[in-house]
Structures are given as C-alpha cells and as structure tokens.
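See structure below.
Residue numbering restarts at 1 for every chain, and letters A, B, ... go by the order of the sequence lines. Given the structure is predicted, the values throughout are model-derived calculations rather than measurements.
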Amino acid sequence: MHNLKEIRKDFENFKKCLEKRSVDVDFDKLKDLDIKNREFIQKKESLEKEKKEISKSKDKALFSKSKEISKEIDKLIDQQNKIKDELDIILSNIPNIPHKDVPIGENEKDNIEVLKSGNLPKFDFKPKSHYELGESLGMLDFDLATKTTGSRFVFVKDKLALLERAISNFMLDTHIVKNGYQEISPPLLASDNTMFGTGQLPKFENDQFEIKLDKGSDRKFLIPTAEVILTNIVKDKIIDLKSMPLRFVASTPCFRKEAGSYGKDTKGMIRQHQFYKVELVSIVEQDKCLDELERMTNCAIDILDLLELPYRKVILCSGDMGFSAEKTYDIEVWLPSENKYREISSCSSCSTFQAVRMKARYKNQNNETLYVGTLNGSGLAVGRTLIAILENYQQKDGSITVPKVLRPYMNNLERISVN
RNA sequence: GGAGAGAUGGCUGAGCGGUUGAAAGCACCGGUCUUGAAAACCGGCAAAGGGGCAACUCUUUCCUGGGUUCGAAUCCCAGUCUCUCCGCCA
C-alpha cells in the first residue's frame, strides 16, 4: 500500500508511475477524498480541543456545552469514517510502483533475458514430457487424484515421492547452511488480515481457498505461498535494527485456485491447485532492497547450478509483475518436451509496499521509524523442479538419472526406473 | 467441554475516575570519565494522524467494539486473543 503523505507530495508523478502498470485508478476521486478527509479531521480536532479544555477547567457551567460538542463530534467521525473507508478501498487496490530499472511493457513478451546458463541436454530420441515419463514409471497418477479429489491434483508415488522429498530437503539444507536463512515450519492457514498484509486481499480473493472454521472469528485462508505467512512474521512490529536482515526459509504446500488460467497447462503437474514450494523471505532496511534482491536471486540460481539444470534469468516488465512487487526476476528452467524455458522461481522486492500494509517498521541509526523492505522468492518450486529433473535427466528407456547432489538424500539411488 | 487469570510503550512491568502519554527497569542514542573497552554518572528516547517552509504545534492511541461521565488505561457490557488447572483426543 502506498503512503498517502508521499502521494500527496507529488500527485502527478504518482499518476505517471502507475501508468506503466496500466491500472484503472480514479485518481481524481482519490485526490478529492483525501482533501475531504483532512477537512473533516481538522473540524473534528478543533472540537475535541474545545471539549478537552472544558473538561480541564472543571467549570460546571460549561458541562452541558461539552455534551453538545460530543454529539457534533460523533457526527463528524461518522462522516469522516465513510470517506476514509472509500479512500482505503481505492488505496488498497493500487499496485506497487515499478522500480525505474524495470522495463516498461504489457506482458511476458516484453520481459528481458539477463542471463542464460547451463547446457541444453541433447537427446538421440524424442524427449518425453514429465507426465508421460511419470505415468509410464507408474509414479505419477493424475487419474487417481481426479477420482479422490478433482482435476489439477496429483498422486506422486514411490521413488518420485522420495525424489520430491529429497528436492525439498536439499533446497532447505542449502539455504540454511550455505545461504544463512532461518528455517521455519509455519501454519498453512492465514487470517484475512495476514492475507491483506502481503497483498493477496482484497483484490485477489478469488484465487484463494477459504477455510471455514466453526467459530465465528475472522476468515482463514490456505496459504497460496509461504511468502504470506513468513513475511507477516514482522506484522505490527518495530524491529531492532541489529536483528536485520531477517532471512526465513520454509518448505510448504501451497494452494491456489488459479482462477483465470483455465485451459492453460491442463496436462501434467505444471499448474496445480496444490504444490510444494521452498520459499525465501527477507526483511531488510528499506534502502537495501535491491541488493537483497540480487542476493536472493543468486540463492535460487545456486540450486539450479547444483542440480545442473539449464536455466535463464529474466527481468519482468512492468505489465507482468505481481501486485506487490517493485522489481521481479523470474528464473526459468529448460523443459525439453516443450522446447522452451518455464518459470521455476520468481524473486521480488516489494520495497515498503507490504510493510505499510503490515505496519512493519524499524528504527534506523538516527532513531527514525521507517517501514522495512520485504522480499520474497522461490528457492525453488519443488513440483516444477521435479518436472525439470524428469525431463532433463530422462534416458531413452524412460528411466531417470538422479542428479548427483540429490543422491545422498535418496539412499544413494542413482537411477529411477520401473520396478 | 468445565473452572480461573490476564492483555499497558522496542521489551519487562507499575498504575485502577482528573497535568498519566503513562512510574521503574532493560534496550537504544548522545555526553562525561578511560590509553581503549567495560563499569559509573548526566541527558535524550512511543506511535499514528492533522496544521506549518520551518522551529514547532494540535488531535488520537494503554487488546477490539459499545456504554456510564464534564472527564476513562482506570467503572459497566459484549467480543477476540493469551496463559494456568481439570476433562477429552492423539
């Protein structure tokens, strides 16, 4: 969420910055509401002052007047709240402003490749897709998931289940030991307030799975990514400067309705309602966001290097970025069956956008209270890593060679083949 | 499910109708002292919002929402959350 004070300073510039994201915002209304809001505040405060003085004077002759003022104040508060609510609705639906480094564009076609690494595998046969491989091994079962649950779910069985677990553990260990992240095993449900903090609510409610608890308390949602719950660790806090940066890693299932993507990637496990992901979150001083983004992206890339998978890194254009991001790198892994790169990680700096929503702050050297910077990135998507390994390490007979770094996590298994 | 206790500033923790935005301690920042550090001593230190170019100033805030009162952290009602004990489940 944007800071109204900042917007007010240079309203035209704010408008211009958001043009890059091609969003539909009623700027005139925003400006108008802000002015009205402040008018009401001023009126209210002057009455409050008057009332306070009567109370201090303890002059009985003025007590009845004080009562009248109270009524007037109530009216003003009512009116002011209505305006404030309208203002907040508009404000909470405005996305973050792209950083100046971000290329301007409309969609993924305008993203710019900044790095390419690894050798594409050469096959003397036609490479199969991950679902063909998994099904013929008898270790990916989509039909069974349809029977028990519905579409866009999968049963991962046997050695592929072990592989999935190995991938997750390998990534966690790397980030914890080598990259200095603290491991967290978080709740998989988040309150509506938490979902608001990272920007999933109110705008993207339709993408979320809501859980009904019996008690009439606030709403709960299955987390669409561990980013939500990890970032909100600092919600409503003023963090000690000495404890920053905070770096968290978690491996969790993620749940997404994927509304609006019907018909896309319907085959296989590229796009599922439930998938595992190892997530990285950093909480940093606000001026260190971009440095941390480079660091975080390198942590994600590290995994692909160790797994010896070919990939490229792209910087997302303004139109393709997520709601809360100021700058995003996607890392895409090579998928032989599709003959193209597919997203396996997305690392974003959200500047202070989420911090304002969460009220997450710190005190700097000068004892000023500032909003923190927040970053999140996949390190990596486990399901898609599984896919990438299946496809890139496949053999002519349909077996899969296990990447060297994963073998210690799989009882030194070197090859996955039909039992 | 039954019975209690509680929710106060970055943290711990007093206050229980009228300069209390809130004692004290810790933490933090500045200074004195010291060869340097520590200790000791002195001073500063809540947040949000409004007005002002600024110095500054005003308002709100002691879990949330109502109520009583000229006046509420303090009294009343409702709610949320946390803790302890008993039961239940693993």
Side-chain angles (χ1 to χ4, degrees), chain A residues 1-11 30-92 185-187 189-197 211-221 229 232-246 283-286 352-374:
Chain A
M1 195 147 74
H2 297 287
N3 198 334
L4 249 183
K5 267 189 191 169
E6 300 298 322
I7 296 176
R8 213 179 282 145
K9 272 185 204 160
D10 193 348
F11 197 79
L30 181 70
K31 197 171 179 177
D32 186 49
L33 286 170
D34 178 41
I35 292 169
K36 275 191 189 151
N37 182 237
R38 281 183 293 156
E39 279 172 4
F40 276 116
I41 289 171
Q42 282 168 45
K43 279 187 208 162
K44 185 190 78 179
E45 285 186 355
S46 69
L47 286 179
E48 275 167 346
K49 194 180 176 191
E50 205 177 324
K51 200 178 146 188
K52 207 172 179 177
E53 271 156 13
I54 292 176
S55 159
K56 260 187 190 168
S57 74
K58 298 184 192 175
D59 180 351
K60 282 185 182 165
L62 293 171
F63 286 175
S64 66
K65 171 142 201 220
S66 175
K67 270 194 156 173
E68 276 170 43
I69 293 175
S70 294
K71 280 177 196 162
E72 266 180 83
I73 290 176
D74 282 347
K75 272 187 208 162
L76 282 171
I77 287 177
D78 242 36
Q79 287 170 295
Q80 198 247 120
N81 280 343
K82 271 182 200 154
I83 287 178
K84 187 76 194 344
D85 286 348
E86 264 190 89
L87 196 57
D88 282 341
I89 288 169
I90 294 178
L91 217 49
S92 60
S185 176
L189 293 187
S191 67
D192 52 358
N193 189 271
T194 294
M195 296 284 279
F196 177 83
I211 296 295
K212 286 205 167 92
L213 292 190
D214 290 332
K215 287 187 178 174
S217 61
D218 58 351
R219 307 166 74 195
K220 311 267 187 243
F221 298 84
I229 203 91
N232 274 282
I233 287 175
V234 296
K235 178 156 77 98
D236 293 322
K237 287 213 81 151
I238 297 181
I239 304 157
D240 190 351
L241 181 63
K242 280 181 181 161
S243 65
M244 294 212 286
L246 292 168
I283 311 295
V284 302
E285 291 168 67
Q286 54 177 232
T352 59
F353 187 83
Q354 294 178 323
V356 173
R357 292 175 157 247
M358 294 188 298
K359 297 187 177 64
R361 291 154 294 175
Y362 68 103
K363 296 222 191 242
N364 70 1
Q365 301 281 4
N366 301 327
N367 235 13
E368 295 163 313
T369 307
L370 301 174
Y371 286 108
V372 299
T374 64

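The side chain of A/Arg38 lies closest to B/rG51 when the candidates are B/rG49, B/rA48, B/rG51.
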Exercise. Can you give one letter per nucleotide of nucleotides 53-71 of chain B, going 5' to 3': B for a protein heavy atom under 4.0 Å from the base, S for sugar-phosphate only, - for none?
Worked result: -----BBS---------BS
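Distances shown here put a side-chain N or O of A/Gln42 below 4.0 Å from the OP1 or OP2 atom of B/rG51. At least one side-chain nitrogen or oxygen of A/Lys363 sits closer than 4.0 Å to the OP1 or OP2 atom of B/rA47. Phosphate contact (OP1/OP2 of B/rA48, side-chain N/O of A/Arg361, threshold under 4.0 Å): present.
Between the A/Ser55 side chain and the A/Lys51 main chain, no donor and acceptor come within less than 3.5 Å of each other.
Between the CD1 atom of A/Ile41 and the C1' atom of B/rG51 there is a distance of 11 Å, given to the nearest Å. As rounded to whole Å, 13 Å separates atom C1' of B/rU80 from atom CG of A/Asn193. Whole-Å rounding puts the A/Asp240 CG to B/rC26 C1' distance at 12 Å. Here B/rG51 presents its P atom at 11 Å from CG of A/Leu4, a figure rounded to the nearest Å. Rounded to an integer number of Å, the gap from CD of A/Glu368 to P of B/rC45 is 16 Å. Rounded to a whole Å, the CZ atom of A/Arg8 is 11 Å from the C1' atom of B/rG51.
For the P atoms, the distance from B/rC16 to B/rG21 is 15 Å, rounded to whole Å. Across the C1' atoms, B/rC41 and B/rG50 are found 41 Å apart, a figure rounded to whole Å. Annotation: B/rC33 and B/rG52 have their C1' atoms spaced 42 Å apart (nearest Å). When the C1' atom is compared between B/rU35 and B/rC45, the two are found 31 Å apart, to the nearest whole Å.
With respect to A/Gln286, the side chain to side chain contact (heavy atoms under 4.5 Å, CB included) criterion is satisfied by exactly one of A/Leu370, A/Val372, A/Thr374, A/Asn364: A/Leu370.
Contact annotation for A/Lys237: no contact, since no heavy-atom pair falls under 4.0 Å across all strands. Within 4.0 Å (heavy atoms only), A/Lys65 reaches no atom of the nucleic acid at all.
Counting heavy atoms from C-beta outward, A/Asn232 and A/Met195 have side chains that stay 4.5 Å or more apart. In this structure, the side chains of A/Leu30 and A/Phe11 come closer than 4.5 Å at one or more pairs of heavy atoms.
A salt bridge is absent between A/Asp78 and A/Lys82: the closest approach of a Lys/Arg side-chain nitrogen to an acidic carboxylate oxygen does not fall below 4.0 angstrom. Checked for salt-bridge contact, A/Lys43 and A/Glu72 miss the test: no charged N lies under 4.0 Å from a carboxylate O.
More than 12 non-hydrogen atoms from other residues, nucleotides or ligands lie less than 6.0 angstrom from NZ of A/Lys235.
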Problem set entry | Watson-Crick or G-U pairs under 3.5 Å in RNA chain B, rendered as dot-bracket with [ ] for crossing pairs and | for another strand | ((((((((.[[[..)..(.....]]].(((((.......))))).((((((....)))))).[[[[[..)....]]]]])))))))....
